[in-house]
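See below for the structure under consideration.
Residue indices begin at 1 and follow the sequence shown.
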Amino acid sequence: MFKRFLISLACGIAGYVVGAFGGGYLVSVLTPNTHDPSLEAAMTGAFAIGPVVGLIALIVGFVRSGPRAPRSNDVR
């Protein structure tokens, strides 16, 4: 169970980093804001897109690192 927790935590952290930088980049490219686009990109990436992607990655990592169901064609 501890291994599963660590794997899901690592996936969540990696997802946050990817979401923060990727979201910041997308916002900086796509924003029509001319006042302060770099601040908007940084804040949106760090506080909106990053946490959402991190949470999704944490859940996916938790589910994917669970016990495997035996296949019907496994030979023992």
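Remark: side-chain polar atoms of Ser8 are paired, donor with acceptor, to backbone N or O of Phe5 under 3.5 angstrom. No donor-acceptor distance shorter than 3.5 angstrom exists from the side chain of Thr31 to the backbone of Ser28, with no hydrogens or angles considered. No donor-acceptor distance shorter than 3.5 angstrom exists from the side chain of Tyr16 to the backbone of Ala57, with no hydrogens or angles considered.
No continuous path of hydrophobic side-chain contacts links Phe62 to Leu6 [ILVMFWY only; heavy atoms under 4.5 Å]. Under the 4.5 Å side-chain heavy-atom criterion for ILVMFWY residues, a single connected hydrophobic cluster contains both Phe47 and Leu39. Criterion: ILVMFWY side-chain heavy atoms under 4.5 Å apart, direct or through other members. Under it, Met1 and Ile59 are not part of a common hydrophobic cluster.
Note that CD1 of Ile7 and CG of Leu58 are 12.0 Å apart. Values are rounded to the nearest 0.5 Å. Atoms OG and CG, on Ser65 and Leu9 in that order, are 11.0 Å from each other to the nearest 0.5 Å.
Residues Arg4 and Pro67 approach most closely at NH1-CD, 3.9 Å, considering heavy atoms. Between Pro51 and Gly45, the closest heavy-atom pair is CD-O, 4.3 Å.
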| message | If you apply the rule side-chain contact (heavy atoms from CB on, under 4.5 Å), what do you find for Ile49 with Val27, and how did you get there? | response | CA-CA 10 Å; Ile49 299 171; Val27 169; 4.1 Å; yes
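Listed by chain and residue number, Val60 satisfy the side-chain contact (heavy atoms from CB on, under 4.5 Å) test with Arg64 (two or more places apart in sequence, or in another chain).
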